[in-house]
Number of protein chains: 2
Amino acid sequence: MATARTSASERRRQILDAAVRVFARQGFHTCRVSDIADEAGVAYGLVYHYFRSKDEVLDTIFLERWDVMVEVIEEVDRRAELTAREKLTAITSFIVDSYRHDPDLMKVVIVEVTRAANTFGRTHLDAINRAYDRLGAIIAQGMAAGEFRDTITPQFAAMAFYGAIEQALTGWIFDMLPTGEKSFEQVKLFIVDTICGGLDAPPRPGV
Amino acid sequence: MATARTSASERRRQILDAAVRVFARQGFHTCRVSDIADEAGVAYGLVYHYFRSKDEVLDTIFLERWDVMVEVIEEVDRRAELTAREKLTAITSFIVDSYRHDPDLMKVVIVEVTRAANTFGRTHLDAINRAYDRLGAIIAQGMAAGEFRDTITPQFAAMAFYGAIEQALTGWIFDMLPTGEKSFEQVKLFIVDTICGGLDAPPRPGV
DNA sequence: AACACGATTGACTCGTCAGTCAATCCCCCC
DNA sequence: GGGGGGATTGACTGACGAGTCAATCGTGTT
């Protein structure tokens with residue numbers, strides 16, 4: 001016979017998805033485990049059948065997503081035919097699309113982990129740094145190829161780049177930026193244009 | 001006779017300063033009010049003599065500091081002799097120096113409020129936006145004067161700029177960036193150089 | 001049909017902690 | 001020098017919520 005009505009892994013998924021919604025809505029610290037169970041339409045105790053603790057639920061959500069992100073960054077980096085700027089464009093695009101596709105998930109990843117310096121951020125520092133290192137490597141290549149200026153360190157440039165992306169996502173999360181297809185595409189362009197091109201007007205030769 | 005050994009406003013200050021240290025060390029959500037009282041060397045109940053709730057302590061800390069920041073931004077903006085880039089440099093310098101001077105305070109402001117989309121961030125959105133608006137105005141002036149390119153919106157440029165600063169502070173908070181006088185000064189330059197100059201190498205005429 | 005065993009349930013325990021309050025202290029003023 | 005009133009104390013309360021657990025259910029197996 002086929003698997004049960006809902007298999008173990010489906011149940012687990014169902015709880016994780018519910019947790020994402022609840023964490024996004026109420027925040028990790030201010031929600032109760034029973035909120036997650038209710039949202040998933042499942043008994044309180046079942047959450048503890050699939051996860052050791054409330055923390056483990058968040059950890060799982062974060063790592064699942066972050067691993068995908070790091071993988072994508074590495075994949076993009078491997079495409080030798082792309083310039084550094086094109087690589088940054090592809091990465092920006094992926095992250096913005098991730099938010100477009102599942103804003104709740106990205107909100108949780110960023111607000112509850114990436115920016116939570118006192119709790120989960122510290123726990124997952126290694127994972128976070130892995131992404132930074134990869135980004136820094138891409139920028140370093142761009143510098144070595146003469147495509148980027150090398151007056152700043154690649155590590156810092158990676159921070160500024162990722163900082164701009166995170167700030168844009170935060171803008172959406174806080175409703176400071178309009179959402180909508182056009183806004184998403186525009187912001188992608190803006191991020192790469194700002195970081196690569198800078199704000200300065202180019203010197204106008206002959207004037 | 002002079003004022004009492006410790007006046008009311010000194011006591012209040014003493015509690016606020018202790019709270020900054022505790023929030024920075026343990027985070028707002030994971031510390032107890034008794035931790036603040038202990039750190040201040042004061043009885044538990046006294047915290048409630050000066051503040052209505054634990055939340056009010058954080059609110060007070062944030063607003064006190066944020067108001068100073070907005071004021072400085074406005075002050076810098078008023079100095080008509082400065083170029084837009086010089087204004088951004090002055091603001092960056094002020095914020096980085098704020099962190100250098102009192103890392104705990106800036107950590108609390110950023111980690112517990114500015115980036116906490118579910119709790120205090122939302123509460124203080126107006127205050128946060130006031131800073132963004134001011135920054136955006138400075139950049140808009142730069143564009144109008146032909147100093148900056150106007151291919152991106154000033155609002156977005158302000159986000160990228162502030163995002164880079166916050167990310168640098170986060171780097172220090174997470175121990176991802178070296179601290180020390182030289183690092184502080186270098187990062188100031190990097191931030192402005194990255195945002196204004198961009199990563200792209202300038203076209204080399206004659207090559 | 002009866003068993004075995006993981007899935008599922010939700011009432012319960014136990015610790016924690018924000019906020020209260022009545023008592024005490026201490027300073028200043030008359 | 002004594003009385004008034006704000007400052008200070010810390011034990012206490014009440015609520016809340018994470019995690020436990022014994023009981024029940026449902027399905028596949030023999």
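Order of the sequence lines fixes the chain letters, A, B, ..., with proteins taken first and strands second; residue numbering starts at 1 for each chain. Because the structure is a prediction, the values reported are computed rather than measured.
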Whole angstrom is fine here: how far is it from [atom1] in [X] over to [atom2] in [N]?
| X | N | atom1 | atom2 | result |
| --- | --- | --- | --- | --- |
| A:Glu10 | C:dG6 | CD | P | 20 Å |
| B:Arg32 | C:dG19 | CZ | C1' | 15 Å |
| B:Arg12 | D:dG6 | CZ | C1' | 16 Å |
| B:Asp35 | C:dA18 | CG | C1' | 13 Å |
| A:Tyr48 | C:dC12 | OH | P | 18 Å |
| A:Glu56 | D:dA18 | CD | C1' | 14 Å |
| B:His29 | C:dC17 | NE2 | P | 14 Å |

Summarise protein proximity over nucleotides 8-14 of chain D in one line of letters, 5' to 3': B for base, S for sugar-phosphate only, - for none, counting protein heavy atoms closer than 4.0 Å.
BBBB---
Report yes or no: does B:Gln26 contribute a side-chain atom to a donor-acceptor pair with the main-chain N or O of B:Val22 at less than 3.5 Å?
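Not at all, since once roles are kept as given, no pair shorter than 3.5 Å links the two residues.
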Return the 5'-most residue of the pair A:Arg52, A:Thr30 with respect to DNA chain D, ranking by each residue's nearest nucleotide.
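Between the two, 5'-proximity favours A:Thr30.
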Do you know which two heavy atoms are closest between A:Tyr48 and A:Lys54, and how far apart they sit?
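Where A:Tyr48 meets A:Lys54 most closely, the heavy atoms are OH-N, 4.4 Å.
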Regarding A:Glu185 and A:Arg100, does a basic nitrogen lie under 4.0 Å from an acidic carboxylate oxygen?
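Salt bridge between A:Glu185 and A:Arg100, a charged N being under 4.0 Å from a carboxylate O: yes.
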Pairing residues for B:Thr151 by the side chain to side chain donor-acceptor pair (under 3.5 Å) criterion, not counting sequence neighbours
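Expected list: A:Asp193, B:Arg149.
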If the condition is side chain to side chain donor-acceptor pair (under 3.5 Å), which residues does A:Lys107 pass it with, not counting sequence neighbours?
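Scan of A:Lys107 (side chain to side chain donor-acceptor pair (under 3.5 Å), adjacent residues dropped) gives B:Asn118.
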Pair B:Gln155-B:Asp133, side-chain hydrogen bond (donor to acceptor under 3.5 Å, both in side chains): steps then yes or no
CA-CA 7 Å; B:Gln155 293 77 28; B:Asp133 289 347; over 6 Å; no
